[in-house]
Amino acid sequence: MKQRTLFLLVAVACVMALTSCSDSTAEQRASRRYNAEGNELYAADRYKDAEAAYTKAVSSDPANMEAKYNLAMSMIRQAGAGESGKKLLDDARKILTEVMENSSTDTLLASKAAYNIGNMAYNVEQWDPAIAAYKQSLRFNPDDDQARDNLRLAQLKKENQDQDQNQDQNQDQNKDQNKDQEQNKDQNQDQNQNQNQDKKDEKQPQQPQPQSGLSDENAEKILKAMENEEAATRRRVQEAEKRKANSAGRRVVTNPW
């Protein structure tokens with residue numbers, strides 16, 4: 001009885017294992033089927049429909065890195081301007097990063113993921129992230145000449161950007177220096193003008209201030225002269241009247257009125 005029970009338990013365990021194995025295989029087959037459907041739609045430029053097929057492939061088998069890579073590429077193809085396009089690119093970048101980090105056994109797929117991450121950064125002129133991604137792509141696949149060429153282009157763009165920034169900084173510094181020199185020049189001119197004006201004021205003779213009024217001594221002299229003139233005039237008048245009176249006393253009146 002015990003042996004029969006043990007046999008049944010082992011049989012049940014085997015059936016469960018087979019069922020699990022069968023389910024896993026079915027999921028993988030479904031994932032591959034959806035991925036193949038997505039590839040056909042992608043080739044026909046039906047990127048939205050391809051995205052839906054790839055999404056089903058990933059849902060069926062989350063470990064299918066090829067389906068995830070294809071899903072990211074279909075999202076990149078749909079991305080346009082505006083916030084919706086930016087969101088698609090951000091989501092695609094996250095998926096490609098996951099593929100790159102989890103495809104250690106498939107270095108070619110990891111290299112492609114890194115390469116397209118570099119392209120996304122390159123297209124928005126983010127040279128440092130682009131350079132880092134292209135280098136990572138070459139680590140996975142050193143024979144990828146296209147990644148090597150893009151790496152060199154990104155490095156040249158970065159060098160030109162650094163040179164332009166240095167030139168702008170030098171121009172700004174020169175402008176500041178010239179501005180300071182002009183300010184110092186103006187200050188020196190103002191100081192020189194003030195100094196010359198001070199010297200001119202020192203050399204110019206003082207103008208005599210006009211005196212208002214007479215001194216007491218002069219006033220007294222004038223008053224005395226006026227008094228003497230008045231006395232002389234009075235004497236002359238008196239003498240004239242006296243002579244007139246004398247003349248009147250000697251006159252002879254012949255015809256009275």
Side-chain angles (χ1 to χ4, degrees), residues 31 34-59 61-173:
S31 179
Y34 287 130
N35 186 62
E37 179 183 344
N39 289 342
E40 292 178 359
L41 295 169
Y42 188 98
D45 297 338
R46 296 170 57 184
Y47 303 117
K48 184 66 177 177
D49 294 334
E51 178 189 357
Y54 292 136
T55 300
K56 292 179 181 179
V58 172
S59 298
D61 183 11
N64 189 343
M65 292 297 138
E66 182 178 346
K68 287 188 175 182
Y69 173 85
N70 292 340
L71 172 61
M73 297 307 296
S74 67
M75 296 168 71
I76 291 174
R77 286 291 187 176
Q78 297 177 70
E83 290 298 324
S84 59
K86 184 177 181 297
K87 185 177 185 308
L88 280 172
L89 292 176
D90 289 341
D91 292 342
R93 184 182 298 104
K94 293 177 182 178
I95 295 172
L96 289 175
T97 301
E98 180 184 357
V99 173
M100 181 184 66
E101 293 175 349
N102 293 278
S103 298
S104 57
T105 58
D106 190 347
T107 56
L108 290 179
L109 185 61
S111 177
K112 290 181 179 179
Y115 173 80
N116 282 285
I117 292 173
N119 287 345
M120 294 173 68
Y122 186 98
N123 290 335
V124 293
E125 298 183 357
Q126 295 178 352
W127 311 125
D128 287 333
I131 291 171
Y134 290 138
K135 287 182 177 179
Q136 185 63 39
S137 177
L138 289 170
R139 292 189 186 97
F140 288 119
N141 181 18
D143 297 330
D144 191 341
D145 293 334
Q146 194 167 5
R148 185 173 292 101
D149 291 340
N150 287 5
L151 171 61
R152 183 53 183 160
L153 288 174
Q155 290 173 335
L156 290 174
K157 292 287 188 179
K158 179 67 167 61
E159 291 175 2
N160 293 335
Q161 184 185 61
D162 293 341
Q163 290 177 358
D164 292 340
Q165 289 177 349
N166 291 334
Q167 288 178 355
D168 292 340
Q169 290 177 355
N170 292 333
Q171 289 178 356
D172 293 338
Q173 290 177 355

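Judged by distance alone, with hydrogens and angles left aside, the side-chain atoms of Asn123 form a donor-acceptor pair with the main-chain N or O of Asn119 at under 3.5 Å. Between the side chain of Ser137 and the backbone N or O of Ala133 there is no donor-acceptor pair closer than 3.5 Å. A distance-only check finds no donor-acceptor pair linking the side chain of Glu40 to the backbone of Ala36 [under 3.5 Å].
When every heavy atom of Glu66 is checked against every heavy atom of Leu109, the shortest pair comes out as N-CD2, 3.8 Å. Of all heavy-atom pairs spanning Ser31 and Ala57, the tightest one is OG-O, 2.7 Å. Heavy-atom minimum distance, Phe140 versus Ser111: CB-CB, 3.6 Å. Shortest non-hydrogen contact noted between Glu51 and Thr55 is O-OG1, 2.7 Å. Shown here for Met65 and Val99, the closest heavy-atom pair between the two residues is O-CG2, 3.9 Å. The two residues Ala130 and Ala154 have their closest heavy-atom pair at CB-CB, 4.4 Å.
Counting heavy atoms from C-beta outward, Lys94 and Glu98 have side chains that stay 4.5 Å or more apart. Side chains of Met75 and Ile95 form a contact here, defined as non-hydrogen atoms less than 4.5 Å apart. Using a 4.5 Å heavy-atom cutoff, the side chains of Asn116 and Met120 are not in contact.
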Go through Glu125 and Lys157 one step at a time and tell me if the side chain to side chain contact (heavy atoms under 4.5 Å, CB included) criterion holds.
CA-CA 8 Å; Glu125 298 183 357; Lys157 292 287 188 179; over 6 Å; no
Side chain to side chain contact (heavy atoms under 4.5 Å, CB included), that's the test. Do Leu88 and Ile76 meet it? Break it down for me.
CA-CA 7 Å; Leu88 280 172; Ile76 291 174; over 6 Å; no
Give the C-alpha distance, both sets of side-chain angles, the deciding distance and a yes or no for side chain to side chain contact (heavy atoms under 4.5 Å, CB included) between Met73 and Arg77.
CA-CA 6 Å; Met73 297 307 296; Arg77 286 291 187 176; 5.7 Å; no
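Taking the centre of each ring, Tyr34 and Tyr54 stay at or above the 6.0 Å mark.
Between Tyr115 and Tyr134, the ring-plane angle classifies as tilted under the 30° and 60° cut-offs.
The CD atom of Gln161 sits 8.0 Å away from atom CG of Asp164, with the distance rounded to the nearest 0.5 Å. Atom-to-atom distance recorded for Ile117:CD1 and Lys112:NZ is 14.5 Å, nearest 0.5 angstrom. From Asn150, atom CG reaches atom CD of Gln155 across 11.0 Å, with rounding to the nearest 0.5 Å. Distance check: Trp127 CH2 to Leu156 CG gives 10.5 Å after rounding to the nearest 0.5 Å. Here Asn35 contributes atom CG and Asn70 contributes atom CG; the two are 5.0 Å apart, rounded to the nearest 0.5 Å. Note that CG of Leu96 and CD of Glu101 are 11.0 Å apart. Values are rounded to the nearest 0.5 Å.
For Arg152 and Asp149, the salt-bridge test fails: no basic side-chain N is under 4.0 Å from an acidic carboxylate O.
Sparse packing is recorded around CD of Glu83, with 12 or fewer heavy atoms of other residues, nucleotides or ligands lying under 6.0 Å away. Enclosure of atom CZ in Arg148 by more than 12 non-hydrogen atoms of other residues, nucleotides or ligands within 6.0 angstrom is indicated.
In summary, the side chains of Asp45 and Tyr47 do present a donor paired with an acceptor at a separation below 3.5 Å, with no hydrogens or angles considered.
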